[in-house]
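To keep things clear, I will list the structure first and then write my remarks on it.
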Amino acid sequence: MTTDQFADRHIGPDADGERRMLETVGYDSIEELMDAAIPEVIRWHGTLDLPAPATEAEVIAELRAIAARNTVAVSMIGLGYYGTHTPAVIRRNVLESPAWYTAYTPYQPEISQGRLEALLNFQTMVTDLTGMATANASMLDEGTAAAEAMTLARRTSKSKSPVYVVDADTLPQTISVIATRAEPLGIEVRIVDLDAEELPAEFFGLHLQYPGASGVVRDQAALVETAHAAGALVTVAADLLGLTLLRPPGEIGADIAAGTTQRFGVPMGFGGPHAGYLAVRAGLERMLPGRLVGVSRDADGNPAYRLALQTREQHIRREKATSNICTAQVLLAVMASMYAVYHGPDGLRRIASGTHRAAARLAAGLVAGGVSTAGTAFFDTVTAVVPGRAAQVVADAAARGVNLRLVDADRVGVSCDETTTDAHLSAVWSAFGVPEFTGEVTETLPVALRRDSDFLTHPVFHRHHSETAMLRYLRRLSDSDYALDRGMIPLGSCTMKLNATTEMESVTWPEFANMHPFAPGEQTAGYRELVTSLEGWLAEVTGYDAVSVQPNAGSQGELAGLLAIRGYHRERGEGHRNVCLIPSSAHGTNAASAVMAGMRVVVVACDDNGDVDLVDLDRKIEAHRDTLAAIMVTYPSTHGVYETGIASLCAKVHDAGGQVYVDGANLNALVGFARPGKFGADVSHLNLHKTFCIPHGGGGPGVGPVAVRSHLAPFLPGDPLGGSVDGQPVISAAQHGSAGILPIPWAYLRMMGAEGLTRATGTAVLAANYVASRLRAHYPVLYTGNKGLVAHECILDLRPLTKATGVSVDDVAKRLIDYGFHAPTMSFPVAGTLMVEPTESEDLAELDRFCAAMIAIREEIDLVGAGQWPAQDNPLSNAPHTAAMVTGDEWSHPYPRSVAAYPGGVDRAAKYWPPVRRIDGAYGDRNLVCACPPPDAFED
Ligand SMILES: *Cc1c(COP(=O)(O)O)cnc(C)c1O
């Protein structure tokens, strides 16, 4: 092994481990295994045309050179993206800490209490600042949050009108995203200048921006009343920092508040990732899309956090889901919430007042120099009126190192933030040609709009203001969680592989972190080079012709891909094609995305083997031949199998005039061996947070690029500032979506090269087959393909055992916690099963530790089955066991404490202790609490 090869670090098993795994599976080499596993019809025998792999040192040097091609100016562009000081204690101990960034979505709440508490703080922060009743745990960005607010209004408004009114002073990129989302749903977006025009007589919803994109702060109370009288719901897209000083939307009766939390310590990153937010008034909480953290109780009756009301989500409700959001922005929501915890309400008010004072001085200087400004009330943004001179002013400011917003030929926008200094203001005044201003200023916020209500009164926002206290709070929370830094997370479909430190390193460099998404092109050459090469490499890996990295999650890539299909059919005069075939095994986002793209979902059955039933496919194609738009299939299937029928499936759909969408979430089983763009598919999304090493962050960020063959390329996502409504769709608020984390997959591809990537795929498939081989005698492996092989994951069927013993898949998942593991994926895609995806990054020792735990658990199940342990009181039904439980003064269970705490070889010196016992989710759903509970709730 040559250890300067990154691939040897990324791939867990060494040569000896690989040999032993091959022996167990019964093959001589990975090539032979892959030849047997992958159907020849899709097998590709070429070599990926990628640059020869770089070492870790080389890739850092290359990224330094790319970063140097970005010019980071002082950004006063505003439009939803602001300079912010990320507190160093948060940057290092959250953003750069694997305990936070390598965690998975908190579906196993007992091992996720730390991030769930941080998210509950986030929800409390958002509800307090907006004055709403309930907030969710993050949205993908402000644009998509606003679009979700629109559909929420559509679902709940009593008005039959198709009209959605949007304040003309809304962020332009938000308008683009709203317009894209509205069109397929038959919603008519009407942009109204609310200073000059009346509201229409009938409409179902109204979107207001507060403060406006121009910076103007308006009293919106009367508009809310008018809208409610028309039966419409009102969304206020509000700036959270502004809301520390301004009357919040909840206090004027708004139904929904939406926006971003970027300026709470999250770098701009050329557009993302940041946590968007969405909050609703009382009565709408059960309609809220996205994840919602709530308080429930554990088996001992102690309060404990878990995801609430999951029954309204896409993975359960499919085409009837409230939205397609799956991965959100957890890591960034944690950062924003910690910014509020660290500063507290007084600190936030101080930051907001400083920002406002800077803007007030700026405006006073302009006015004193004879430049007029739009509106008199503003928070942080001033629009200056300079007839015919705007471009010149913006260019002058840029020459002084400050970016301003060119509104049009006559107007310039200038936004202040917590990083604004006197020197920045001087540069701006100079660019306008007005003298330095030294006079006194007063606040410009109208008295009627000033906030007089309290916020962030919960003790958590008051106890951690010293750095020592903050550091320990972050450590305490992350210590209660299980992430990849503790052990393997064998989640089917989610590919929890290594997130290498070198891949992460450049994300916080200022040249990448501090770039505004609308900075002028000449300042962003490095970023554009990074995006172009990444898109090119992804096209090569997938065999497609064009790629867009704009979608900021897999679900958004699905929508982008389906909208491309829709655009293609319409351009060919076949706009009536609207049926989307989806196999019954599909991920829930597929169906939800199809509905959002204006399609009708028709389900195709699976056969006894778990494969798409080609006979049923023929039937469904026949029934919908004239209206067939597309089929959406996952490959390899969500059953973890390389289906041999894929090529004929593609051909049948094409023959009927449909397009083929291959969900690329399982690309980790294909890279280097098969290319969807060449085996019959027209479009795919990829999940860079699965196959390409972006960490899951506890449920986001993600990137979901959409990849297409050339005929769909004209319909790829367009420029959010392009203003085009019926041209290219706009999927996220920024052109390159979550650009700030693209260095991660870039570095991965650059360091692995063609050979490393191919070896990673082979090792991932070997690892899955190794686990399947070792566990088969203890748990049936549900589905297999060629020669009894699985692809990169395997489904362990617990249903026969459950039937015989009463031990459920839940019991096994929770018992794995006692053994020091994160559970595999539970009950997806088949209820009552566990899906295991070991990935290429786990070494043989860790795979063996997992297999040993599963085998030991099988023996425990047998003891229950044999009646040695009662069905209601055994180590499985009582799992997980907390330290408090096993050290309690009483112990009445029919098995010893050592079996509870240290089963089957658990290292006593390195034991992971869950902080709570099994959580009762239903209790929390009946008694919905989604903000921080008072501290006395935690007293004994
Ligand atoms: C993860 C996944 C998705 C959704 O991707 P997100 O990034 O979570 O939005 C879609 N399909 C499949 C098969 C997946 O595994």
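In what follows, every heavy atom counts, from backbone to side chain, and hydrogens, waters and symmetry copies are set aside. Read the numbers this way: they start at 1 and go in the same order the structure lists the ligands and their atoms.
For S493, a nitrogen or oxygen atom sits less than 3.5 Å from a nitrogen or oxygen atom of ligand 1, counting backbone and side chain alike.
Atoms of ligand 1 lying under 4.0 Å from any heavy atom of C326, numbered from 1 in the order shown and given with element: 8 (O), 9 (O). For ligand 1, the atoms lying closer than 4.0 Å to a non-hydrogen atom of S555 are 5 (O), 6 (P), 9 (O). The contact set between ligand 1 and T589, taken as ligand atoms under 4.0 Å from a residue heavy atom, comprises 3 (C), 4 (C), 10 (C), 11 (N). Atoms of ligand 1 lying under 4.0 Å from at least one heavy atom of E558, given by number and element, are 10 (C), 11 (N).
Residue, atom and distance of the protein heavy atom nearest to atom 2 (C) of ligand 1 are K690 NZ, 2.4 Å. For atom 5 (O) of ligand 1, the closest heavy atom belonging to the protein is N687 ND2, 3.0 Å. For atom 11 (N) of ligand 1, the closest non-hydrogen atom on the protein side is D663 OD2, 2.6 Å.
Contact check on R600 versus E319 returns no salt bridge, with no Lys/Arg side-chain nitrogen under 4.0 Å from an Asp/Glu carboxylate oxygen. Remark: K690 does not engage E837 in a salt bridge, criterion side-chain N to carboxylate O under 4.0 Å.
The aromatic rings of F828 and H587 stand perpendicular to each other, their planes meeting at an angle above 60°, with 30° marking the opposite boundary. Ring geometry for Y661 versus H685: interplanar angle of 30 to 60°, hence tilted. Ring pair F715/Y568 is perpendicular by interplanar angle, where above 60° counts as perpendicular and below 30° as parallel. Ring geometry for F821 against F850 counts as perpendicular: the plane angle is over 60°, on a 0 to 90° scale with 30° as the lower cut.
The side-chain heavy atoms of C494 and T825, taken from C-beta on, include no pair separated by under 4.5 Å.
Here T327 has heavy atoms under 4.0 Å from ligand 1 in both its backbone and its side chain. Proximity of A665 to ligand 1, defined as any heavy-atom pair under 4.0 Å, is confined to the side chain (atoms from C-beta onward).
At least one heavy atom of H689 sits under 4.0 Å from some atom of ligand 1.
Taking CD of Q329 as the reference point, atom CG of N552 lies at 6.0 Å (rounded to 0.5 Å).
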